[in-house]
Amino acid sequence: QVQLVESGGGLVQPGGSLRLSCLTSGFTFSTYRMSWYRQAPGKERELVAISEWAGAPGNYVDSVKGRFTISRDSAKSTVFLQMNSLKPEDTAVYYCNAASRPSGRHNYWGQGTQVTVSS
C-alpha cells in the first residue's frame, strides 16, 4: 500500500554534488511531514532535513546547513535532497520518512539509498 522509494545515491568525490529522490505512493502526500535521515556504519540514525509542508523552508541539522536543500514536488508526490559540497563524513545510508501531521501517528520509511563520499 504505502511505498517510499529512494534513488540517486552513489559514489561521489569530496566537494561533489548528488540529488536524492524519494517517490511516494499510498498516502496523502500533501498532508505529511517529509524528512531525510541518514545512518553511517556504527552510528545512530540521524535526522538530516525536514519539510513540514510544501512551500515551507526546510529545517536542517547543523552539519549540513548551507550545503543540503530539501524540496518537494507535490504533483509527483516526490521529495528531494540536494546535497552539495559533500564531505566524507556525509557517507551513510539515506532514508526517506513520511509522518502524518500533527502527531506523527502514521510513520513510513523507505528502504534507503547508499551515499559514499570518497576520493
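For reference, positions follow the sequence shown, starting with 1.
- At least one side-chain heavy atom of Met83 sits under 4.5 Å from a side-chain heavy atom of Val115.
- The distance from the CE atom of Met34 to the OG1 atom of Thr78 is 9.0 Å, given to the nearest 0.5 Å.
- Rounded to the nearest 0.5 angstrom, Tyr60 OH and Leu47 CG are separated by 11.5 Å.
- Once rounded to the nearest 0.5 Å, the distance linking CG of Leu86 with CZ of Arg67 reads 6.5 Å.
- With sequence neighbours left out, Lys76 forms a salt bridge (charged side-chain N to carboxylate O under 4.0 Å, His left out) with no residue at all.
- Not a single salt bridge (charged side-chain N to carboxylate O under 4.0 Å, His left out) links Arg72 to another residue, sequence neighbours left out.
- Between Pro88 and Pro14, the closest side-chain pair of non-hydrogen atoms falls below 4.5 Å.
- Both Val12 and Leu81 are assigned to one and the same hydrophobic cluster, defined by single-linkage of ILVMFWY side chains at heavy-atom distances under 4.5 Å.
- Between Glu6 atom CD and Asn97 atom CG the span is 9.5 Å, to the nearest 0.5 Å.
- Counting only residues at least two apart or on different chains, the ring-ring contact (aromatic ring centres under 6.0 Å, His included) pairs with a member in residues 85-118 are Phe27-Tyr108, Tyr37-Trp109.
- Side-chain N or O atoms of Arg101 include one that pairs as donor or acceptor with a backbone N or O of Thr31 at under 3.5 Å.
- If you take CD on Gln82 and CG on Leu20, they are separated by 9.0 Å, rounding to the nearest 0.5 Å.
- Of the possible polar contacts, one joining the Thr91 side chain to the Val117 backbone as a donor-acceptor pair under 3.5 Å is found.
- Interatomic distance, CZ of Arg33 versus CD1 of Ile50, reported as 7.0 Å (0.5 Å rounding).
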For Ser63 and Lys87, run side-chain contact (heavy atoms from CB on, under 4.5 Å): C-alpha distance rounded to whole Å, both residues' side-chain angles, the deciding distance at 0.1 Å, then the answer. CA-CA 10 Å; Ser63 61; Lys87 305 175 180 179; over 6 Å; no
